[in-house]
2 protein chains.
Amino acid sequence: MSRGDARDRLIQAAIDLIWTSSYGAVSVDAICERAQVRKGSFYHFFASKDDLVVTALDTHWSTRRPVLDEIFSASRPPLQRLQRYFAHLGERQGEVRERYGRVLGCFHHAIGSECLQKPTAVAAKAQELSLALRRYLETALRDAQAEGSLPASDPVASAKSLFAFVTGALTQARVHDDLELLRQVPRTGWLALGMAGPPESAA
Amino acid sequence: MSRGDARDRLIQAAIDLIWTSSYGAVSVDAICERAQVRKGSFYHFFASKDDLVVTALDTHWSTRRPVLDEIFSASRPPLQRLQRYFAHLGERQGEVRERYGRVLGCFHHAIGSECLQKPTAVAAKAQELSLALRRYLETALRDAQAEGSLPASDPVASAKSLFAFVTGALTQARVHDDLELLRQVPRTGWLALGMAGPPESAA
DNA sequence: GGAGGAGATGACTGTTTAGTCAAGTTCGAG
DNA sequence: CTCGAACTTGACTAAACAGTCATCTCCTCC
């Protein structure tokens, strides 16, 4: 990493600090100090604090995307995709807890619910990523209905409800630092879809 | 309201401003300006910004509590309580939208997920109120299981999951200003409890 | 009417904030 | 060696920030 060394450190510092507290509570100075980068360098790489945060959101998403692509692979039966995703939530936050000492939930969701309309660019990026995530669910539900393994209904509305449950569980887990709650997600998730449990082949 | 006139305006201004944006984005000056109260008066009534916010949380809760007490009245069949609450979510946020021009979700939940550990007093108060709300669900679930209208399970864990879904739906509705999502809550809520729909007598 | 307290006021302090800038250093290509 | 571009640096600004304070204005009770 010769090129973008300080830049990368700034991005990582922003992710660490904002994720563990909040957008509004983290200052440029704090990010610089953690990244061991001077103020002038910050503004060499980024036009503003918001510019860095948008970049941080993109960077973080680019690390999650391949994982989601694998979980929601079209070569996998649609219900098995959901089963893997439900299980992934708990596993992933377990890793987060080991690294940050605390369950932190979803990075861009935490930012998105804090920055409603305030800094347009940040809010727009957070919403964009939330929508991208929801589309994984939507596709899996549509595929499941197409193959008849899930009762027919509006897949967009169903994905919205399921997504609300997932983000709610992640946020509650974050607030109460409660990993156990996420381990309940698979059970309740299937119920919310109108099913008693996961398909036999997916367990 | 002879006593506490300016004080009340400060509390209301804090609720309005923080609810429509966020804790971190609202300054004491902004609150004072909206309340038409001078800085000195602010600190005559409140020891600090956090002190006002804690008071605002309590004040707001005290307006919601009688409504919840009515909805979750023990003289009502437990499943009917849940049905009423599910329906209430959409109605209430409809009112909020009319008043504030936007769906805002749950006030103390928005603050609670933003202020994780930072200002101890604010975070503690927000968590206290979240817990109080969750207990309404817990009691209803316990009563429903006791009378056999809901399959037996751990009511605490079930309440956590149901509460995660409700807060998730409120937050999604807030972020996307989407009232329609909340209107789906009754349907998905019953599913998540392992029921096909509300009891006949409750509809 | 006078004493005293609750409340109002605006100017004030010191700190933190985001963002700027001119003068540096480093380093690879020509 | 030299030139320029990428990068670094620390001092700087102006605004916003939370919080303070002496002084004033009421209103109430004696």
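Hydrogens, waters and symmetry mates are skipped; everything else that's a heavy atom, side chains included, is used. Within every chain, numbering begins at 1; the chains are lettered A, B, ... in the order of the sequence lines, protein sequences first and strands thereafter.
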message = Applying side chain to side chain donor-acceptor pair (under 3.5 Å), can you list everything that pairs with A:Lys49, at least two apart in sequence or on another chain?
response =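 A:Lys49 satisfies side chain to side chain donor-acceptor pair (under 3.5 Å) with no other residue.
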ring-ring contact (aromatic ring centres under 6.0 Å, His included) involving [X] - partner list, sequence neighbours excluded:
| X | answer |
| --- | --- |
| A:His108 | A:Trp61 |
| A:Tyr85 | A:Phe72 |
| B:Phe107 | B:Trp19, B:His60 |

note = Per-nucleotide protein contact along nucleotides 9-15 of chain C, 5' to 3', at a 4.0 Å heavy-atom cut-off (B base, S sugar-phosphate only, - neither), is BB-----
message = What's the closest nucleotide to the side chain of B:Val28 if the choices are D:dA18, C:dA8, C:dT17?
response =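 Between D:dA18, C:dA8, C:dT17, the one nearest the side chain of B:Val28 would be D:dA18.
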ask   = By side chain to side chain contact (heavy atoms under 4.5 Å, CB included), which residues pair with B:Glu70, not counting sequence neighbours?
value =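 B:Glu70 satisfies side chain to side chain contact (heavy atoms under 4.5 Å, CB included) with B:Arg76, B:Arg84 only.
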inquiry  = Please report the distance, rounded to the nearest Å, between CZ in A:Phe46 and C1' in C:dT20.
reply    =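 Between C1' of C:dT20 and CZ of A:Phe46: 18 Å.
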request  = Measure from CG on B:Asp5 to P on C:dG7 and round the result to the nearest Å.
outcome  =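 So the two atoms are 11 Å apart, to the nearest Å.
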task = Ignoring backbone atoms, test whether B:Tyr43 places a side-chain nitrogen or oxygen under 4.0 Å from the OP1 or OP2 oxygen of D:dT20.
result =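 No, B:Tyr43 has no side-chain N/O under 4.0 Å of OP1/OP2 on D:dT20.
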ask   = Think A:Ser27 has a side-chain N or O under 4.0 angstrom from the OP1 or OP2 of C:dT16?
value =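 No, no such contact exists.
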query = Do NZ/NE/NH1/NH2 and the carboxylate oxygens of B:Arg183 and B:Glu180 come within less than 4.0 Å?
reply =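 Yes, charged N to carboxylate O under 4.0 Å.
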